[in-house]
Amino acid sequence: KQEVTQIPAALSVPEGENLVLNCSFTDSAIYNLQWFRQDPGKGLTSLLLIQSSQREQTSGRLNASLDKSSGRSTLYIAASQPGDSATYLCAVIRHNAGNMLTFGGGTRLMVKP
Amino acid sequence: NAGVTQTPKFQVLKTGQSMTLQCAQDMNHEYMSWYRQDPGMGLRLIHYSVGAGITDQGEVPNGYNVSRSTTEDFPLRLLSAAPSQTSVYFCASSYGTAKETQYFGPGTRLLVL
(Lines give C-alpha, C1' and ligand atoms only; values in the text may rest on other atoms or scores of the structure.)
Protein backbone atom coordinates (compact mmCIF):
# COMPACT_ATOMS: atom_id res chain seq x y z
CA LYS A 1 0.00 0.00 0.00
CA GLN A 2 1.28 3.44 -0.92
CA GLU A 3 1.81 5.85 1.95
CA VAL A 4 2.70 9.50 1.45
CA THR A 5 4.19 11.61 4.22
CA GLN A 6 4.81 15.34 4.32
CA ILE A 7 7.22 17.01 6.69
CA PRO A 8 6.89 19.43 8.36
CA ALA A 9 3.17 19.51 9.10
CA ALA A 10 3.35 23.27 9.66
CA LEU A 11 5.88 25.94 8.86
CA SER A 12 6.08 29.65 9.64
CA VAL A 13 8.67 31.84 7.94
CA PRO A 14 9.30 35.56 7.46
CA GLU A 15 8.62 37.07 4.08
CA GLY A 16 11.47 36.76 1.60
CA GLU A 17 12.86 33.44 2.81
CA ASN A 18 13.52 30.54 0.50
CA LEU A 19 11.94 27.36 1.79
CA VAL A 20 11.67 23.65 1.09
CA LEU A 21 8.69 21.39 1.64
CA ASN A 22 9.26 17.65 1.76
CA CYS A 23 7.20 14.73 0.52
CA SER A 24 8.09 11.04 0.79
CA PHE A 25 6.33 7.95 -0.55
CA THR A 26 6.81 4.28 0.17
CA ASP A 27 6.20 2.69 -3.25
CA SER A 28 8.50 3.94 -6.00
CA ALA A 29 6.36 2.43 -8.78
CA ILE A 30 4.58 5.67 -9.61
CA TYR A 31 3.44 7.35 -12.81
CA ASN A 32 3.77 10.88 -11.50
CA LEU A 33 3.76 13.16 -8.50
CA GLN A 34 1.63 16.28 -8.28
CA TRP A 35 1.92 19.26 -5.93
CA PHE A 36 -1.24 21.14 -4.99
CA ARG A 37 -2.05 24.28 -3.08
CA GLN A 38 -5.17 24.55 -0.91
CA ASP A 39 -6.36 27.81 0.59
CA PRO A 40 -8.63 27.64 3.67
CA GLY A 41 -12.14 26.60 2.71
CA LYS A 42 -11.20 26.26 -0.95
CA GLY A 43 -10.45 23.56 -3.47
CA LEU A 44 -7.10 22.25 -4.64
CA THR A 45 -5.07 24.13 -7.21
CA SER A 46 -2.51 22.16 -9.18
CA LEU A 47 0.96 23.70 -8.98
CA LEU A 48 3.31 21.25 -10.64
CA LEU A 49 3.19 17.78 -12.12
CA ILE A 50 6.36 15.68 -12.37
CA GLN A 51 6.29 12.55 -14.49
CA SER A 52 8.18 9.54 -13.15
CA SER A 53 10.81 9.95 -15.88
CA GLN A 54 11.51 13.57 -14.93
CA ARG A 55 13.78 14.95 -12.24
CA GLU A 56 12.22 18.38 -11.77
CA GLN A 57 9.67 20.92 -12.91
CA THR A 58 9.66 24.69 -12.54
CA SER A 59 6.92 27.29 -12.55
CA GLY A 60 7.82 30.83 -11.61
CA ARG A 61 9.19 30.85 -8.05
CA LEU A 62 8.33 27.17 -7.59
CA ASN A 63 10.62 24.26 -8.31
CA ALA A 64 9.70 20.66 -7.62
CA SER A 65 12.15 17.78 -7.73
CA LEU A 66 11.59 14.06 -7.78
CA ASP A 67 13.91 11.23 -6.73
CA LYS A 68 11.80 8.19 -7.47
CA SER A 69 14.37 5.64 -6.32
CA SER A 70 14.53 7.12 -2.84
CA GLY A 71 10.82 7.93 -2.71
CA ARG A 72 11.26 11.65 -2.19
CA SER A 73 10.09 14.93 -3.66
CA THR A 74 10.75 18.51 -2.61
CA LEU A 75 8.92 21.72 -3.40
CA TYR A 76 11.20 24.73 -3.32
CA ILE A 77 9.61 28.17 -2.97
CA ALA A 78 11.90 31.09 -3.67
CA ALA A 79 11.50 34.53 -2.10
CA SER A 80 8.36 33.61 -0.19
CA GLN A 81 5.48 36.10 0.02
CA PRO A 82 2.48 36.39 2.37
CA GLY A 83 0.30 35.32 -0.56
CA ASP A 84 2.07 31.95 -0.51
CA SER A 85 0.40 31.16 2.82
CA ALA A 86 -1.69 28.02 2.28
CA THR A 87 -1.59 24.26 2.74
CA TYR A 88 0.59 22.43 0.24
CA LEU A 89 -0.30 18.85 -0.64
CA CYS A 90 1.67 16.29 -2.59
CA ALA A 91 0.03 13.29 -4.23
CA VAL A 92 1.24 10.32 -6.28
CA ILE A 93 -0.36 8.01 -8.79
CA ARG A 94 1.10 4.55 -8.51
CA HIS A 95 1.07 1.77 -11.04
CA ASN A 96 -2.01 -0.43 -11.18
CA ALA A 97 -4.12 2.13 -9.31
CA GLY A 98 -5.93 3.73 -12.24
CA ASN A 99 -5.84 7.50 -11.84
CA MET A 100 -6.18 7.37 -8.08
CA LEU A 101 -4.19 10.02 -6.25
CA THR A 102 -2.71 9.06 -2.89
CA PHE A 103 -2.26 12.23 -0.85
CA GLY A 104 0.07 13.25 1.91
CA GLY A 105 -1.27 15.03 4.96
CA GLY A 106 -0.05 18.42 3.77
CA THR A 107 2.22 21.18 5.05
CA ARG A 108 0.50 24.30 6.38
CA LEU A 109 2.65 27.28 5.43
CA MET A 110 2.41 30.75 6.92
CA VAL A 111 4.56 33.54 5.50
CA LYS A 112 4.67 36.53 7.83
CA PRO A 113 5.06 40.08 6.45
CA ASN B 1 -13.64 27.36 -19.48
CA ALA B 2 -15.37 27.14 -16.11
CA GLY B 3 -13.22 24.12 -15.24
CA VAL B 4 -14.70 21.80 -12.61
CA THR B 5 -17.82 23.10 -10.90
CA GLN B 6 -19.62 21.68 -7.88
CA THR B 7 -23.01 22.39 -6.32
CA PRO B 8 -24.09 23.02 -3.65
CA LYS B 9 -21.25 24.73 -1.78
CA PHE B 10 -22.69 23.82 1.59
CA GLN B 11 -25.44 21.48 2.73
CA VAL B 12 -26.93 20.38 6.04
CA LEU B 13 -28.75 17.05 6.16
CA LYS B 14 -30.49 15.06 8.81
CA THR B 15 -29.54 11.42 9.34
CA GLY B 16 -31.37 9.24 6.85
CA GLN B 17 -31.98 11.94 4.26
CA SER B 18 -30.76 11.55 0.71
CA MET B 19 -29.11 14.03 -1.57
CA THR B 20 -27.05 14.37 -4.73
CA LEU B 21 -23.83 16.33 -5.00
CA GLN B 22 -23.38 17.69 -8.48
CA CYS B 23 -20.12 17.85 -10.43
CA ALA B 24 -19.58 19.10 -13.96
CA GLN B 25 -16.56 19.83 -16.14
CA ASP B 26 -16.30 21.56 -19.50
CA MET B 27 -12.83 20.38 -20.49
CA ASN B 28 -13.96 17.20 -22.25
CA HIS B 29 -12.10 15.11 -19.67
CA GLU B 30 -12.67 11.37 -19.73
CA TYR B 31 -11.66 10.69 -16.15
CA MET B 32 -13.69 12.03 -13.21
CA SER B 33 -13.56 11.17 -9.54
CA TRP B 34 -14.89 12.01 -6.10
CA TYR B 35 -12.74 12.46 -2.98
CA ARG B 36 -13.63 13.26 0.57
CA GLN B 37 -11.37 15.26 2.87
CA ASP B 38 -11.42 14.68 6.61
CA PRO B 39 -9.13 16.06 9.33
CA GLY B 40 -6.36 13.62 10.08
CA MET B 41 -7.38 11.33 7.19
CA GLY B 42 -6.42 13.47 4.23
CA LEU B 43 -8.16 13.05 0.89
CA ARG B 44 -9.53 9.63 0.01
CA LEU B 45 -11.04 8.38 -3.24
CA ILE B 46 -14.74 7.45 -3.11
CA HIS B 47 -15.66 6.54 -6.72
CA TYR B 48 -14.28 7.23 -10.14
CA SER B 49 -15.23 7.02 -13.81
CA VAL B 50 -13.02 6.50 -16.85
CA GLY B 51 -15.74 7.56 -19.28
CA ALA B 52 -19.46 7.82 -19.86
CA GLY B 53 -21.22 4.67 -18.70
CA ILE B 54 -18.21 3.36 -16.73
CA THR B 55 -17.78 3.75 -12.97
CA ASP B 56 -15.80 1.94 -10.28
CA GLN B 57 -15.18 2.04 -6.55
CA GLY B 58 -12.33 3.78 -4.81
CA GLU B 59 -11.03 3.40 -1.26
CA VAL B 60 -14.17 4.43 0.66
CA PRO B 61 -17.25 3.71 -1.51
CA ASN B 62 -19.72 2.52 1.14
CA GLY B 63 -22.82 4.71 1.43
CA TYR B 64 -22.29 6.41 -1.93
CA ASN B 65 -23.56 5.78 -5.46
CA VAL B 66 -22.44 7.28 -8.75
CA SER B 67 -23.41 7.20 -12.40
CA ARG B 68 -21.93 8.76 -15.52
CA SER B 69 -24.46 9.29 -18.29
CA THR B 70 -22.53 12.09 -20.02
CA THR B 71 -18.88 13.07 -20.32
CA GLU B 72 -19.56 16.37 -18.54
CA ASP B 73 -21.41 15.27 -15.40
CA PHE B 74 -20.56 12.94 -12.52
CA PRO B 75 -23.07 13.19 -9.64
CA LEU B 76 -22.48 11.59 -6.24
CA ARG B 77 -25.52 10.27 -4.40
CA LEU B 78 -25.95 9.71 -0.68
CA LEU B 79 -28.93 7.39 -0.33
CA SER B 80 -29.27 7.54 3.47
CA ALA B 81 -26.96 10.09 5.05
CA ALA B 82 -25.05 9.25 8.23
CA PRO B 83 -23.07 11.55 10.57
CA SER B 84 -19.90 9.72 9.43
CA GLN B 85 -20.44 11.25 5.99
CA THR B 86 -19.90 14.74 7.36
CA SER B 87 -16.96 15.89 5.28
CA VAL B 88 -15.78 18.10 2.46
CA TYR B 89 -16.30 16.51 -0.93
CA PHE B 90 -14.17 17.28 -3.96
CA CYS B 91 -14.71 16.34 -7.56
CA ALA B 92 -11.72 16.04 -9.89
CA SER B 93 -11.20 15.44 -13.59
CA SER B 94 -8.39 14.80 -16.06
CA TYR B 95 -7.73 13.48 -19.51
CA GLY B 96 -7.75 9.73 -19.79
CA THR B 97 -4.31 8.58 -18.77
CA ALA B 98 -2.74 8.39 -15.33
CA LYS B 99 0.00 10.76 -16.45
CA GLU B 100 -2.20 13.82 -16.78
CA THR B 101 -2.76 16.71 -14.37
CA GLN B 102 -5.91 16.37 -12.30
CA TYR B 103 -8.10 19.43 -11.74
CA PHE B 104 -10.27 19.84 -8.66
CA GLY B 105 -13.54 21.61 -8.05
CA PRO B 106 -14.13 24.06 -5.17
CA GLY B 107 -15.72 21.44 -2.93
CA THR B 108 -19.02 20.82 -1.16
CA ARG B 109 -19.14 21.02 2.62
CA LEU B 110 -21.64 18.52 4.01
CA LEU B 111 -22.87 18.38 7.58
CA VAL B 112 -25.02 15.44 8.61
CA LEU B 113 -26.81 15.88 11.92
Side-chain angles (χ1 to χ4, degrees), chain A residues 1-7 9-10 23-27 29-54 57-59 62 64 66 68 86-108, chain B residues 2-7 9-10 21 23 25 27 29-51 54-61 68 74 87-111:
Chain A
K1 180 184 176 184
Q2 178 74 270
E3 293 184 0
V4 181
T5 304
Q6 291 186 247
I7 295 173
C23 172
S24 62
F25 47 95
T26 55
D27 185 350
I30 62 169
Y31 282 119
N32 61 46
L33 184 144
Q34 197 166 352
W35 282 94
F36 294 91
R37 168 184 173 140
Q38 185 175 29
D39 293 288
K42 303 293 185 182
L44 281 69
T45 300
S46 179
L47 297 173
L48 290 164
L49 173 73
I50 311 176
Q51 304 291 354
S52 61
S53 58
Q54 297 175 321
Q57 282 286 339
T58 299
S59 177
L62 305 180
L66 175 64
K68 196 175 67 167
T87 296
Y88 291 80
L89 297 160
C90 69
V92 299
I93 294 182
R94 59 182 174 85
H95 293 178
N96 302 317
N99 284 29
M100 185 178 82
L101 290 162
T102 301
F103 283 87
T107 294
R108 190 170 64 254
Chain B
V4 181
T5 59
Q6 293 183 237
T7 57
K9 290 184 179 179
F10 181 69
L21 281 65
C23 174
Q25 52 87 14
M27 298 175 281
H29 285 170
E30 296 174 359
Y31 181 84
M32 296 185 74
S33 57
W34 278 100
Y35 288 83
R36 59 178 289 175
Q37 185 176 33
D38 303 290
M41 301 295 292
L43 284 112
R44 293 175 293 167
L45 181 66
I46 304 172
H47 283 286
Y48 66 94
S49 169
V50 298
I54 306 170
T55 64
D56 207 344
Q57 297 180 350
E59 291 180 277
V60 288
R68 183 101 177 264
F74 190 42
S87 187
V88 182
Y89 292 85
F90 291 101
C91 180
S93 74
S94 68
Y95 288 110
T97 72
K99 296 185 178 183
E100 302 292 337
T101 298
Q102 297 201 29
Y103 298 91
F104 281 74
T108 293
R109 293 181 176 274
L110 177 66
L111 175 62

With a 4.5 angstrom heavy-atom cut-off, which part of [X] approaches chain A: side chain, backbone, both or neither?
X: B:Leu43; result: both
X: B:Thr101; result: both
X: B:Tyr31; result: side chain

One pair to check against side-chain contact (heavy atoms from CB on, under 4.5 Å): A:Leu101 and B:Phe104. What are the steps and the verdict? CA-CA 12 Å; A:Leu101 290 162; B:Phe104 281 74; 3.8 Å; yes

Could you report the tightest heavy-atom contact between [X] and [Y], atom names first, then the distance?
X: B:Tyr95; Y: A:Asn99; value: O-ND2, 3.9 Å
X: A:Ser46; Y: B:Gln102; value: CB-O, 4.1 Å
X: B:Phe90; Y: A:Gln38; value: CZ-NE2, 3.4 Å
X: B:Glu100; Y: A:Asn32; value: N-ND2, 4.1 Å

Side chain from CB out, backbone as N, CA, C, O: work out which of these in A:Leu89 comes under 4.5 Å of a heavy atom of chain B, or both, or neither.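 For A:Leu89, the side chain is the part near chain B, not the backbone.
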
Which portion of A:Leu49 sits near chain B, non-hydrogen atoms under 4.5 angstrom: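 Just its side chain gets close to chain B.
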
Top residue by heavy-atom pair count (under 4.5 Å) with chain A, among B:Met41, B:Gln37, B:Glu59, B:Arg44?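 Max contact count across the listed options: B:Gln37.
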
Tell me if the CZ atom of A:Phe103 is crowded by more than 12 foreign heavy atoms within 6.0 Å.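 Counting neighbours around CZ of A:Phe103, more than 12 heavy atoms of other residues, nucleotides or ligands fall under 6.0 Å, so yes.
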
Top contributor to chain B contacts, counting heavy-atom pairs under 4.5 Å, from A:Gly43, A:Ala91, A:Gly106: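 Result: the option with the highest number of such pairs is A:Gly43.
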
